[in-house]
Amino acid sequence: MGKREDMLQRILDFAEKTEEIGMVVLEGSLAKERYVDALSDLDLNFWVKGERDFAAGDWLAEIGEVLVAVPLDFPVQEGMRSLIVIFDGGVKVDFSFWPLSFLEMPFPYYETYRVLLDKAGYANDLDEFLLPKPASKLAEASFLEIIEQFYLNAHYLAKFTRRGERFFVAHLEAEIRENYFLPLFEEIVWLSEKTPMFLGRHLAEMLPVEWRVRMEQLLDGMELPEQLELFQAMTDEIADKRGFQVQSERIQKLKHLILAIYQNR
């Protein structure tokens, strides 16, 4: 038995004997059986009753030696908590704690799940928590908003590069990659008749070769003029294939303005 399997069994033994835990559900890559490797986390949901705060982590010593444990407010629904733990030996477990009362008011959450422990037939209600089909491609309004925000931030990037604000420039570049380039790369994945994953997971495997190379060039570090050219190539590709209308003349004026600021640094 491997370290992760041994840890999972210890956790299930603890849950079995703990009255407040009614059900344990596995989610994430292990439940989906996709992109699993030796570093994959255990993503475990404890469905619980009573007032015990499992996010406090006072019970973890019963499972194993803890190297780090960080409790978090869970963003999905008020009343949910999470606890991110790395145990001695390197197994990382993302615990989340769900009140069993949520079964009375289900909301879409799971893409895929696997029930590991169910003490009273609670899993019969879990199908109500399945997410609908993945979100669709970008709407035209969202696409045009990304264009507007990108060029505004590119203007900031040019200005603060010219001022020599290197730390703030690095912050801006990271935001631009995540907020503007990533949605466009995801849209190109959609256009390739594939379904992107969250936050760019496995993006390189899904992109056509041409765009994968350009994504890698972006991540390796592009000067602002090259970023502007890449962004326009992406928006042209998407607009053409989706039939979106872009104000090209105005965009070209914006690009010239940004480049004038940047090149006179």
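Being a predicted model, the structure only gives us computed values, none of them experimental.
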Self-check item: Between Phe129 and Trp47, ring centroids under 6.0 Å
Solution: yes
Self-check item: Rounded distance (nearest 0.5 Å) linking atom CE of Met215 with atom CD1 of Ile188
Solution: 11.0 Å
Quiz item: Do Tyr110 and Asn45 have side-chain heavy atoms sitting under 4.5 Å apart?
Solution: yes
Quiz item: Is the shortest distance from a Lys or Arg side-chain nitrogen in Asp6 or Arg4 to a carboxylate oxygen in the other one below 4.0 Å?
Solution: no
Quiz item: Does Glu187 pair with Lys241 as a salt bridge, N-O distance under 4.0 Å?
Solution: no
Quiz item: Can a donor-acceptor pair be found between the side chains of Trp190 and Ser192 at a distance below 3.5 Å?
Solution: no
Quiz item: Ignoring hydrogens and geometry, is there a side-chain-to-backbone donor-acceptor pair from Asn264 to Ala260 under 3.5 Å?
Solution: yes
Quiz item: Is there a donor-acceptor pair under 3.5 Å between the side chain of Glu65 and the backbone N or O of Asp88?
Solution: no
Exercise. Rounded to the nearest 0.5 Å, what's the gap from CG on Leu182 to CG on Leu203? Could you check?
Key: 6.5 Å
Quiz item: Should Glu19 and Lys119 count as an ion pair when the cut-off is N to O under 4.0 Å?
Solution: no
Self-check item: Carboxylate-amine/guanidinium contact Arg242 Glu140, below 4.0 Å
Solution: no
Practice problem: Output the distance between atom CD (Glu27) and atom CG (Asp41), rounded to the nearest 0.5 Å. | Solution: 11.0 Å
Practice problem: Could you tell me how the ring of Trp59 sits relative to the ring of Phe54: parallel (under 30°), tilted (30 to 60°) or perpendicular (over 60°)? | Solution: perpendicular
Exercise. Compute whether any side-chain donor of one residue and acceptor of the other, for Gln77 and Tyr109, lie under 3.5 angstrom apart.
Key: no
Quiz prompt | Short N-O contact, Lys159 and Glu165, less than 4.0 angstrom | solution = no
Practice problem: Determine yes or no for a side-chain-to-main-chain donor-acceptor pair under 3.5 angstrom, with Arg162 supplying the side chain and Tyr262 the backbone. | Solution: no
Self-check item: Check: Phe231 ring centre within less than 6.0 Å of Tyr180 ring centre
Solution: no
Self-check item: Validation row: Thr235, Phe143 side chains within 4.5 angstrom (heavy atoms)
Solution: yes
Exercise. Assess whether side-chain contact (heavy atoms from CB on, under 4.5 Å) is satisfied between Glu20 and Phe46, documenting all intermediate values.
Key: CA-CA 9 Å; Glu20 295 94 335; Phe46 282 9; over 6 Å; no
Quiz item: Hey, what do you get for CZ (Arg52) to CG (Asp58), rounding to the nearest 0.5 Å?
Solution: 5.5 Å
Self-check item: Polar contact flag, side-chain donor to acceptor under 3.5 angstrom, Gln217-Glu226
Solution: no
Practice problem: Indicate whether any N or O donor in one side chain lies under 3.5 Å from an N or O acceptor in the other, for Glu145 and Gln149. | Solution: yes
Quiz item: Could you go step by step and tell me if Lys194 and Glu205 meet the salt bridge (Lys or Arg N to Asp or Glu O under 4.0 Å) rule?
Solution: CA-CA 10 Å; Lys194 298 178 183 177; Glu205 301 168 31; over 6 Å; no
Practice problem: Would you please say whether a donor-acceptor pair under 3.5 Å links the side chains of Tyr113 and Asp43? | Solution: no
Quiz item: Ring centres of Phe160 and Phe168 under 6.0 Å apart?
Solution: yes
Self-check item: Euclidean distance, Gln252 CD relative to Gln232 CD, rounded to 0.5 Å
Solution: 4.5 Å
Exercise. Run the salt-bridge test on Asp13 and Lys17 with the 4.0 Å N-O cut-off and return the result as yes or no.
Key: no
Quiz item: On the ring face of Phe181, is Arg177 found with NZ or CZ under 6.0 Å from the centre and within 45° of the axis?
Solution: no
